[in-house]
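Keep in mind that this is a model prediction, so the values were computed, not measured. Computation of the quantities below employed the complete heavy-atom set of this structure, encompassing side-chain atoms and omitting hydrogens, waters and symmetry-equivalent molecules. By convention in this document, chain letters (A, B, ...) are assigned in the order of the sequence lines, proteins followed by strands, and residues within each chain are numbered from 1.
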Amino acid sequence: MSDMKVVLPPRLFKIAKVVLKSVNGMYVNELAEQLGVKESDIMRDLAELEAKGMVKLERVLKYVVKLSALGRKYLSVGLPEERVLSYLIKERKVHINKLKEVLELNDEEVSAALGLLRRYRIVSISEGFVECLKCDEVKDFLEHVEKVRNAMIKYGGNVVLDVIPDDVQVLKRRRVFEVDELKVIKVLPTEALLKLETLGLIVEANVVTKLTSDMLVSGSWRNVILKEFDLSIDVPEKPIKKKHPYVQFMNYVKEVLIGMGFEEVKGPFLETALWNFDVLFVPQYHPARRVSDVFYVSNVSLNVAEVDVLNKVKEIHENSWRYSWSVEEALKTVLRTHTTPVSMRTIYAKKGGEYRVFSFDRVFRPDTPDPTHLMEFHQLEGIIVGKSVTFKHLLGFFKEFARYLGMSDVKFKPAYFPFTEPSVEGFVKHPKIGWVEVFPGGMFRPEVTEAVGLPPEYKVAAWGIGIDRLAMIVLGLDDIRDLYTHDLDVINSLKLPEVMIKHA
Amino acid sequence: MPKVDFKLWDLERIAGKSFHIDELTHIVTTLKGEIEEVSGDTIVFEASHDRPDLFSVEGLARAVGVFVGSRDLIRYSVEDSGTYLDVSEAPRYRPYAFMAIVENLRLDDEAVSQIFQLQEKLHATYCRDRASVSIGLYDLDKVKPPFRYVAVKNATYVPLGYSHKMSLDEVLKETEKGMTYAHLVKPGEYPIIIDSEDHIFSFPPILNDELSRVTVDTKRVVIDVTGVEPYLMMKVLNVITTSVAERSPKPVIKLVSIKGLEKNGYSKTPDLNGKLVSFKVDDVESLLGFNPLENNGVTLLKKMGYVVKELANDVVTVWVPPFRVDVLNHVDVIEDLAIAYGYNNIIPEILPPTHFGKRYDIERFSDIVREVLVGLGLQEIMNFMLIDPEILKSIVKDKGFVSLANPKMKIYSSVRNSLIPSIMLAVKTNLEKRKNFEIFEIGDIVEIPYEGSVTYVRSLSYALVGENYTLTDALVILKSLMSYLGVNYKLVKDKEEFLIEGRSARIVVNNDVQVGVVGEVKPEVLTSLNIYTPVTVCELNLKKLYDSITASNTPS
């Protein structure tokens with residue numbers, strides 16, 4: 001192992017080379033200076049070299065000494081003791097308060113100055129008066145002043161020291177100096193590094209930011225280091241081009257239904273009232289047919305090819321409801337208010353048999369758009385036709401379907417629809433919203449199946465879900481208009497719902 | 001759904017039991033109704049449209065009491081009144097009238113207001129706002145039988161709520177009800193009901209008279225229904241008669257003979273016989289998937305207000321009371337049986353599929369196209385099929401479109417006949433926030449190829465929006481899509497009204513079938529829509545495209 005080459009990225013290589021030059025170590029700032037970089041730039045590299053066992057990092061405490069504002073003042077106007085002495089030489093005797101006033105000194109400064117002058121026996125103090133003893137013999141004192149001045153000059157500008165000298169300590173107490181602690185790191189080469197150097201085993205690697213085909217072909221990838229990515233740097237997000245969120249939801253729902261054996265069917269958007277209402281045993285005086293509840297079409301009249309249905313419906317309505325059924329009323333053109341006519345047309349075409357179909361399509365009702373209403377929305381409608389289809393199976397279908405949409409708590413309430421008996425309203429429990437009414441359904445009445453010619457031995461379980469409500473819940477929307485959005489900001493903001501990922 | 005106000009104490013005295021509101025809330029679900037609101041002792045009940053017998057507290061309390069077993073149905077004492085209503089001179093446009101008499105009543109303010117609430121709710125729903133049926137109630141002690149329902153040119157009486165006599169014309173012009181319902185009567189052929197002393201006590205379907213008003217002192221009422229639908233009228237009369245009867249400790253209902261009109265089929269009214277419904281036990285099992293009759297069938301049927309006449313091994317016969325006008329045949333009774341059993345007590349069962357499921361061809365094909373366009377970097381958007389006709393006209397000028405007779409808003413008053421107007425709306429919205437984008441929509445349009453006929457088309461449209469796009473970019477997308485789908489197509493120079501001439505084309509397959517257009521939108525069209533960025537669009541008829549692909553692949 002020891003004779004193996006150690007390939008170092010250029011920066012580490014350069015650091016190692018500098019460190020090797022000073023066996024006794026050097027401080028990080030010196031190292032950085034020599035490398036011509038900032039200290040902070042090499043800290044990670046040093047940590048890496050330490051981890052590789054190539055350098056030793058010693059944390060050392062140092063002191064930074066600098067002159068305080070007060071110190072700088074003393075340096076220019078003189079120390080308080082100097083100034084007191086020169087004043088006394090003129091006045092010989094003066095009261096301490098006068099001294100303070102004239103020289104603009106505080107208590108602390110005056111007592112320090114007088115303390116010194118007394119120690120050199122230059123002055124005496126009694127009853128608040130300072131008096132010269134030997135103000136003309138001050139050689140020792142001047143030596144002291146000189147020493148202090150020298151210290152102030154010497155340590156004046158941000159000097160870094162291992163220990164604080166006594167004279168600095170004294171002047172620090174007089175607030176002439178300020179001392180800050182400084183933690184520095186000393187870098188020393190380890191034995192291992194020295195040994196590698198001696199053996200000439202340290203090699204500088206070529207760092208590249210990306211792998212190229214040339215490298216792969218030439219084999220030079222062996223001598224390069226692929227630059228490491230800084231994972232802490234955030235990258236921008238790209239708007240994903242995708243199918244419309246509602247289309248994604250529709251496809252998910254369709255996939256579930258197809259898995260349950262349903263075949264998708266489609267029917268016309270424009271219907272005669274016959275197919276939209278009369279076939280479904282909705283009497284012509286029913287409030288659901290009022291202009292406030294149905295869009296009537298003004299410029300299209302549809303041909304009704306199904307004369308058998310027309311005649312049968314007349315007979316059924318007149319026998320059951322006993323009113324004068326109007327063919328004109330039945331032939332009015334409407335925008336379908338539900339997709340149930342699609343189911344009816346399917347039964348009319350297929351007649352008896354075992355089959356199940358669904359339609360997921362648009363329906364229309366006069367409403368003014370707001371967060372919970374639209375004049376145009378989707379309905380998911382389905383039927384299960386067969387000889388042994390019963391109400392119990394309708395409930396079973398709903399329970400299973402709700403489970404696929406991530407809602408396994410369901411409950412049922414009796415309901416009324418003109419075309420089903422028994423009729424049911426299914427509720428699902430949403431973790432946040434609570435019970436939501438989503439699943440109207442029932443067994444088609446005999447009057448309804450008879451109208452489209454289904455032999456009586458067949459039963460039809462029918463359901464029609466207000467699927468927009470469920471889509472909003474699944475997609476996390478609280479405004480139905482956002483479901484039909486053409487706004488790219490809204491589309492981009494929508495995330496894929498969990499239930500569509502994990503599939504119940 | 002009609003909302004009915006009532007007082008809890010009033011319900012309790014008719015039901016014969018006091019209720020906690022939670023209990024009541026639960027019971028009304030078996031009647032397909034809901035407690036909407038509770039404030040003090042006033043409760044708002046939302047009734048199901050098919051149960052007019054629950055449009056007032058009398059019927060609701062009766063159903064609730066019978067359900068919990070605190071009371072039974074009333075066995076009505078029905079007698080002949082010995083009097084009649086003569087309809088031989090009735091107006092021809094509103095020929096029918098029936099009557100009922102209920103005696104031995106004890107009314108108070110609450111009872112009177114409930115009876116009027118019932119009348120009002122029935123008028124608003126079943127009676128089609130009085131167009132089919134109109135109801136009146138009068139104090140029998142203030143009028144003198146027999147009665148006549150006749151058409152008159154004009155007459156005078158004191159209308160309900162007034163203190164002076166008014167002519168029928170004045171009633172129509174000056175009273176609120178008169179103005180609201182004047183369209184239901186023909187001038188000069190006004191329907192009135194008069195008694196044997198020529199006292200006009202009703203001007204149906206407009207307004208009763210003041211003198212025979214029903215008050216807390218009324219002991220006997222006479223009820224009339226007039227209108228155009230006799231069967232519906234009889235249902236309404238039964239509901240209101242049986243409800244009023246609940247306001248008596250021992251009600252006496254008297255039949256009134258109807259003279260002068262044979263073809264309606266009722267010679268004496270009301271018809272309180274109810275009806276018998278028979279069905280096989282097998283019918284229950286084949287509809288519900290289980291048989292709730294097995295254990296306590298009689299109890300369940302009784303709770304729902306039926307009288308079980310026969311419950312043999314294979315056949316059940318029940319008597320349906322006359323106010324249950326919603327019960328048409330056995331499926332209605334079987335539903336009530338399931339409700340009494342409890343929907344949430346039914347064990348749901350999954351019926352395994354008999355066939356493979358599959359998607360509708362065009363929907364599947366649309367999804368393939370969607371994937372291609374997403375793959376080419378376009379974002380799918382969605383729009384409504386309902387659109388502003390002005391936008392349709394500003395783009396595809398000569399194509400017919402479906403118009404609504406009763407739109408709610410002008411901007412949604414027609415059905416789109418092309419996806420390009422839709423996509424231009426999306427272009428406009430998105431230009432507010434960005435300068436360059438590529439979008440597409442796949443959706444349905446409704447064309448009117450010739451007058452009176454409609455065609456439903458699954459269509460694709462894409463738009464390239466921004467200064468850097470030209471026709472070339474749209475053609476690149478077209479070529480990529482067509483090539484992937486294996487479709488050979490030709491571009492044919494053409495004048496398309498909304499596209500720049502020389503920078504647009506028709507897209508043709510199989511030599512002569514036009515499947516779409518592509519081109520740069522004319523500046524005048526853009527600016528008319530307040531769009532100030534160049535837009536290149538394409539629209540393709542996916543149905544025709546699909547047909548051309550599947551036809552060419554069909555072995556000949």
Is there a side-chain contact between [X] and [Y], using heavy atoms and a 4.5 Å cut-off?
X	Y	answer
B:L386	A:F295	yes
B:L232	A:Y285	yes
A:F269	B:V402	no
A:K254	B:E363	yes
A:M375	B:K408	no
A:W321	B:L328	yes
B:M385	A:R362	yes
B:I362	A:K266	no

Any donor-acceptor pair under 3.5 Å linking the side chain of [X] with the backbone of [Y]?
X	Y	answer
B:N430	A:H486	yes
A:S298	B:S403	yes
B:K32	A:A415	yes
B:D50	A:P418	no
B:Q379	A:K242	yes

Of the backbone (N, CA, C, O) and the side chain (C-beta and beyond), which part of [X] lies under 4.5 Å from a heavy atom of chain A, both, or neither?
X	value
B:L31	neither
B:R434	side chain
B:V415	side chain
B:L351	both

Given that the side chain runs from C-beta out, which part of [X] has a heavy atom under 4.5 Å from chain B: side chain, backbone, both or neither?
X	answer
A:V265	backbone
A:S423	both
A:L488	both
A:T333	neither
A:F444	neither
A:T485	backbone
A:Y484	both
A:F360	neither
A:V389	both
A:K243	both
A:Q284	backbone
A:L483	backbone
A:L374	side chain
A:E425	neither

Heavy-atom pair with the smallest gap, counting every atom of [X] and [Y]:
X	Y	result
B:G289	A:K392	O-NZ, 2.8 Å
B:S286	A:K459	OG-CE, 3.7 Å
B:Y343	A:P414	CE2-CA, 3.4 Å
A:R290	B:A124	NH1-O, 4.4 Å

Residue selection (most heavy-atom pairs with chain B, distance under 4.5 Å) from [options]:
options	result
A:V247, A:L302, A:I240, A:V294	A:V247
A:K399, A:K387, A:M250, A:K413	A:K413
A:Y416, A:Y246, A:Y296	A:Y416

Any idea which of [options] has the most non-hydrogen atom pairs under 4.5 angstrom with chain A?
options	answer
B:A338, B:S422, B:S48, B:G377	B:G377
B:E371, B:H330, B:E441	B:E371
B:Y412, B:F437, B:F356	B:Y412
B:T29, B:D332, B:T429, B:I339	B:D332
B:R51, B:K235, B:K358	B:K358
B:D336, B:T354, B:V427, B:L288	B:L288

Donor-acceptor list for residues 445-456 of chain B side chains, cut-off 3.5 Å, not counting sequence neighbours:
residue, atom, partner, partner atom, Å
B:E447, OE2, B:K399, NZ, 3.2
B:Y456, OH, A:L270, N, 3.2
B:Y456, OH, A:L270, O, 3.3

I'd like to know whether [atom1] of [X] has more than 12 heavy-atom contacts from other residues, nucleotides or ligands below 6.0 angstrom.
X	atom1	result
A:N303	CG	no
A:K238	NZ	no
B:K121	NZ	yes
B:K280	NZ	no

Between [X] and [Y], does any side-chain N to carboxylate O distance fall below 4.0 Å?
X	Y	answer
A:K241	B:E438	no
B:E229	A:R322	no
A:D489	B:K433	yes

How long is the gap from CG on A:D482 to CE on B:M382, to the nearest 0.5 Å? 12.5 Å

Straight-line distance of A:H244 NE2 to B:R370 CZ, nearest 0.5 Å: 10.0 Å

Could you give me the CA-CA distance, side-chain angles and deciding distance for B:H49 and A:H286, then say whether side-chain contact (heavy atoms from CB on, under 4.5 Å) is met? CA-CA 9 Å; B:H49 181 262; A:H286 196 280; 3.6 Å; yes

For A:N251 and B:R359, which I'm curious about, is there any donor-acceptor pair between the side chains at under 3.5 Å? yes

Quiz question: by atom type and distance under 3.5 Å, do the side chains of B:N329 and A:E421 form a donor-acceptor pair? no

